[in-house]
Protein chains: 2
Amino acid sequence: MRAKKILMKEVKFTCKANPVDLNEIGKMSIEECKRRLAELSKGLSHPARVEIVRMLEDKPPEERCVCGDIVNALPLAQSSVSQHLKVLKETGWLQGEIDGPCVCYCTVEGIMEYYMTLIKKSLQGE
Amino acid sequence: MRAKKILMKEVKFTCKANPVDLNEIGKMSIEECKRRLAELSKGLSHPARVEIVRMLEDKPPEERCVCGDIVNALPLAQSSVSQHLKVLKETGWLQGEIDGPCVCYCTVEGIMEYYMTLIKKSLQGE
DNA sequence: ATCGTTTATCGTAGATATACGATAATAAAG
DNA sequence: CTTTATTATCGTATATCTACGATAAACGAT
């Protein structure tokens, strides 16, 4: 149903994620850590969102932008995928950057390590 | 409001968690991994549940059972805490074992490492 | 058997999540 | 300026989550 058209414009993949700062966790209070962990965990708490993060984390840096390809890869309506992307942005997993008619999404650089550090500090640290 | 009474009975801390098998992840399909990751993430997606897992993970093995102490530690009604404990059991973070009038909760042994392995495989592995 | 303690479950109300189609907004192409 | 492609947002329906008080169930103590 969805006609695949190739964009005439040469897309510039400018999706450079602001990296997270791991040292920041050391300065966070335990309460803040737990709040943040719950938030990031909510991002991963739906299979479709796990799949999205995987798609983006999987890609080599030069082809990180998938825009509407994410919609095609998932068995969901475009509006539903858009909502999941919004949740992932809000919880801090993704960054989106408008690039012409499409939007370039990528994971926040280092977010996986950030998440795992947060788990360790929140669940057993201090 | 809540009268603290000491149990007359000498409580046996028999809460020995069946450890998770890390090798099992290697045999799981990617789809199964993502499903499982979403499930475990849902467990951590609420600050109260993060706090509960922390409380239990924190404890040395000989005092792992906190039963109603969890209720006292959280600013929630007993029934609400019980519901959170149920979610944590269902998503695979905790085990509960009935021990007389109270219930002995502990984290599933090795669940944190299991979770982190799952993250790696689900988000970047294969 | 009865009482008190502990925990789970029920019923319920309000909030949030999930999914969809329809529509609006943005920008490239013609 | 109009059309087309892409994405976000709106409106809506249904489901799940979260919290609480009330009640039930289990068990030790008396």
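Note that the structure is a prediction, hence the values are computed from the model and not measured. Every chain is numbered from 1 and lettered A, B, ... according to where its sequence line falls, protein lines coming before strand lines.
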* Asked: How would you list, by chain and number, every residue that makes a side chain to side chain contact (heavy atoms under 4.5 Å, CB included) with A:Gln83, sequence neighbours excluded?
  ->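 A:Gln83: no side chain to side chain contact (heavy atoms under 4.5 Å, CB included) contacts found.
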* To do: For A:Ser79, check side chain to side chain contact (heavy atoms under 4.5 Å, CB included) against everything at least two apart and list the hits.
  =>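 Listed in chain order: A:Ala77.
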* Tell me the salt bridge (charged side-chain N to carboxylate O under 4.0 Å, His left out) pairs involving residues 36-50 of chain A, sequence neighbours left out? -> A:Arg35-A:Glu39, A:Arg36-A:Glu39
* Which letter, B, S or -, goes with each nucleotide of nucleotides 16-24 of chain D from 5' to 3', with contact meaning a protein heavy atom under 4.0 Å? -> -SBBBBB--
* Residue B:Leu85, side-chain heavy atoms: nucleotide from D:dG28, C:dA8, D:dA8 that is nearest -> C:dA8
Roughly, in whole Å, what's the span from [atom1] in [X] to [atom2] in [N]?
{"X": "B:Leu94", "N": "C:dA8", "atom1": "CG", "atom2": "C1'", "answer": "15 Å"}
{"X": "B:Ile70", "N": "C:dA8", "atom1": "CD1", "atom2": "C1'", "answer": "14 Å"}
{"X": "A:Lys86", "N": "D:dT6", "atom1": "NZ", "atom2": "P", "answer": "22 Å"}
{"X": "B:Gln95", "N": "C:dT7", "atom1": "CD", "atom2": "C1'", "answer": "18 Å"}
{"X": "A:Asp99", "N": "D:dT7", "atom1": "CG", "atom2": "P", "answer": "10 Å"}
{"X": "B:Glu90", "N": "C:dT9", "atom1": "CD", "atom2": "C1'", "answer": "13 Å"}

* Return no unless some side-chain N or O of B:Tyr105 is found under 4.0 Å from OP1 or OP2 of C:dT6. => no
* To do: Mind checking side chain to side chain donor-acceptor pair (under 3.5 Å) for A:Glu90 and listing every partner two or more places apart, or none if nothing turns up?
  => none
* Structure fact -> Residue set satisfying side chain to side chain donor-acceptor pair (under 3.5 Å) with B:Glu113, at least two apart, ordered chain then number -> none
* Using a strict 4.0 Å threshold on nitrogen-to-oxygen distance, state whether B:Lys27 and B:Glu24 make a salt bridge. => no
